[in-house]
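Heavy atoms only: backbone and side chains are in, while hydrogens, waters and symmetry mates are out. Along the sequence shown, residues are numbered consecutively beginning with 1.
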Amino acid sequence: MSNPLVIDAVPGTSCADITREFDAPVEALFRAHADPELFAQWIGPDKERTTTTEWDFRTGGSYRFVQEDTDGEYAFRGVFHTIRENALIIQTFEFEGWPDQVSMDTIRFEELPGGRSRLVDRSVFPSAEVLENMIASGMERGMREGYEKLDRMLGEAR
């Protein structure tokens, strides 16, 4: 049984608080976000294949990745504003299919007892409407399936 994904998005607000625990140390969880090859293996829904087309994982660096399924391609990009190893990533996130709708994500990596970890992400969108559109587009399913893939990947690495 996987750890539950919790998305707390209060209707009428532009913020979503996302929490998920992992049965792996914080260093492994952070590395899965930092390494473009690992990232491409777990990000997004099961049916989509991901390719990183740009990856400069450093404070001030940028990224871009493309997800592909039978319906087409979906590209995402952003800037890494702040990176603190094994602790914090502050980044922008933009779906190229909805240009100019950029969220700011503050992702914290917390160490838990027993070699476990917790990811805590606050995503701030430009408006409540943009957040509602993201949720309606399948954000929860994509995140849940992605984190389940990440669970499997982290488990195989142990």
Side-chain angles (χ1 to χ4, degrees), residues 1-24 26 28-36 38-48 50 52 54-55 57 59-67 69 71 73-112 116-154:
M1 173 141 190
S2 68
N3 293 303
L5 169 66
V6 177
I7 299 176
D8 184 16
V10 177
T13 70
S14 62
C15 297
D17 291 312
I18 301 154
T19 307
R20 175 70 154 68
E21 293 185 3
F22 295 87
D23 298 324
V26 74
L29 180 61
F30 186 85
R31 184 170 173 260
H33 284 76
D35 182 305
L38 295 177
F39 182 82
Q41 291 176 40
W42 67 264
I43 192 70
D46 289 333
K47 67 178 184 168
E48 295 178 2
T50 300
T52 54
E54 180 182 343
W55 199 265
F57 190 77
T59 295
S62 59
Y63 70 91
R64 184 175 184 271
F65 63 93
V66 178
Q67 294 180 320
D69 66 15
D71 295 328
E73 289 187 353
Y74 314 92
F76 304 86
R77 66 182 175 175
V79 174
F80 297 114
H81 285 266
T82 303
I83 294 176
R84 277 197 263 130
E85 189 171 355
N86 301 324
L88 177 71
I89 300 170
I90 300 174
Q91 66 183 39
T92 60
F93 179 84
E94 180 180 13
F95 170 44
E96 291 180 5
W98 291 341
D100 307 326
Q101 304 304 315
V102 180
S103 68
M104 176 67 78
D105 298 331
T106 302
I107 306 165
R108 299 186 187 284
F109 298 81
E110 300 175 353
E111 194 170 332
L112 298 175
R116 300 182 72 242
S117 55
R118 177 184 301 123
L119 182 144
V120 178
D121 177 0
R122 167 157 274 202
S123 293
V124 180
F125 293 83
S127 68
E129 181 183 19
V130 172
L131 172 57
E132 290 164 10
N133 288 340
M134 285 295 290
I135 291 171
S137 74
M139 177 177 117
E140 187 275 336
R141 180 183 58 85
M143 293 185 80
R144 182 178 34 78
E145 290 178 6
Y147 287 150
E148 288 169 357
K149 288 189 288 187
L150 180 54
D151 276 334
R152 291 190 295 273
M153 189 178 79
L154 293 170

Original post:
After noting the C-alpha distance and the side-chain angles of Phe109 and His33, does the key distance pass the ring-ring contact (aromatic ring centres under 6.0 Å, His included) rule?
Top reply: CA-CA 10 Å; Phe109 298 81; His33 284 76; 5.1 Å; yes
**OP:** Evaluate salt bridge (Lys or Arg N to Asp or Glu O under 4.0 Å) for Arg152 paired with Glu148, printing each intermediate quantity in order.
**Re:** CA-CA 6 Å; Arg152 291 190 295 273; Glu148 288 169 357; 5.0 Å; no
Original post:
Where do Ile18 and Ser123 land on the side-chain contact (heavy atoms from CB on, under 4.5 Å) test, with the steps shown first?
Top reply: CA-CA 8 Å; Ile18 301 154; Ser123 293; 4.0 Å; yes
**OP:** For the pair Asn3 and Arg118, evaluate side-chain hydrogen bond (donor to acceptor under 3.5 Å, both in side chains) and give the outcome as yes or no after the intermediate values.
**Re:** CA-CA 10 Å; Asn3 293 303; Arg118 177 184 301 123; over 6 Å; no
Original post:
Between Arg31 and Leu38, is a side-chain contact (heavy atoms from CB on, under 4.5 Å) present by the stated rule, with each step listed?
Top reply: CA-CA 8 Å; Arg31 184 170 173 260; Leu38 295 177; 3.3 Å; yes
Original post:
Where do Gln91 and Ile107 land on the side-chain contact (heavy atoms from CB on, under 4.5 Å) test, with the steps shown first?
Top reply: CA-CA 8 Å; Gln91 66 183 39; Ile107 306 165; 4.2 Å; yes
Original post:
Between Glu145 and Lys149, does a salt bridge (Lys or Arg N to Asp or Glu O under 4.0 Å) hold up when you go through it step by step?
Top reply: CA-CA 6 Å; Glu145 290 178 6; Lys149 288 189 288 187; over 6 Å; no
Subject >> Asp23 and Leu154: CA distance, side-chain angles, deciding distance, side-chain contact (heavy atoms from CB on, under 4.5 Å) verdict >> reply: CA-CA 8 Å; Asp23 298 324; Leu154 293 170; over 6 Å; no
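Distance alone, capped at 3.5 Å, places no donor-acceptor pair between the Thr52 side chain and the Trp55 backbone. Of the possible donor and acceptor atoms, one in the side chain of Trp42 sits under 3.5 Å from a partner among the backbone N and O of Ala32. The backbone N or O of Asp71 sits less than 3.5 Å from a side-chain atom of Asp69, completing a donor-acceptor pair. With hydrogens and angles ignored, the 3.5 Å screen pairs a side-chain donor or acceptor of Ser117 with a backbone N or O of Ala24.
Legend: residues meeting ring-ring contact (aromatic ring centres under 6.0 Å, His included) with Phe125, ordered by chain and number and at least two apart, are absent. Judged as a salt bridge (charged side-chain N to carboxylate O under 4.0 Å, His left out), and not counting sequence neighbours, the contacts of Asp17 are Arg122.
Annotation: the span from Phe57 atom CZ to Asp35 atom CG amounts to 10.0 Å, rounded to 0.5 Å. Note that CD1 of Ile7 and CD1 of Ile135 are 6.5 Å apart. Values are rounded to the nearest 0.5 Å. The CG atom of Leu29 sits 6.0 Å away from atom CG of Leu150, with the distance rounded to the nearest 0.5 Å. Residue Glu140 holds its CD atom at 13.0 Å from CE of Met134, rounded to the nearest 0.5 Å. Phe95 contributes atom CZ, which lies 7.5 Å from atom OG of Ser137 (distance to the nearest 0.5 angstrom). The distance from atom CZ of Arg141 to atom CG of Asp46, rounded to the nearest 0.5 Å, is 8.0 Å.
Note on ring orientation: taking the six-membered ring where Trp is involved, the planes of Tyr63 and Phe65 are parallel (angle under 30°, cut-offs 30° and 60°).
A donor atom on one side chain and an acceptor atom on the other are found under 3.5 Å apart for Gln67 and Thr50.
Remark: Arg64 CZ is packed, more than 12 non-hydrogen atoms of other residues, nucleotides or ligands lying under 6.0 Å away. Dense packing is recorded around CD of Glu110, with more than 12 heavy atoms of other residues, nucleotides or ligands lying under 6.0 Å away.
Of all heavy-atom pairs between Leu131 and Cys15, the closest is CD2-O, 3.5 Å. Residues Leu119 and Asp121 share a closest heavy-atom pair of CD2-CB, 4.0 Å. Residue Ser14 comes nearest to Ser127 through the heavy atom pair CB-C, 3.5 Å, listed as atom of the first residue, atom of the second, then distance.
Phe93 places none of its side-chain heavy atoms less than 4.5 Å from the side chain of Val102.
Cation-pi geometry between Arg20 and Phe22 is met: the NZ or CZ atom falls under 6.0 Å from the ring centre, inside 45° of the normal.
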Going by atom type alone, with no hydrogens or angles, which donor-acceptor pairs under 3.5 Å involve a side-chain atom of residues 75-88 and a protein atom two or more places apart or on another chain?
unit_1: Arg77; atom_1: NE; unit_2: Glu94; atom_2: OE1; d: 3.1
unit_1: Arg77; atom_1: NH2; unit_2: Glu94; atom_2: OE1; d: 3.3

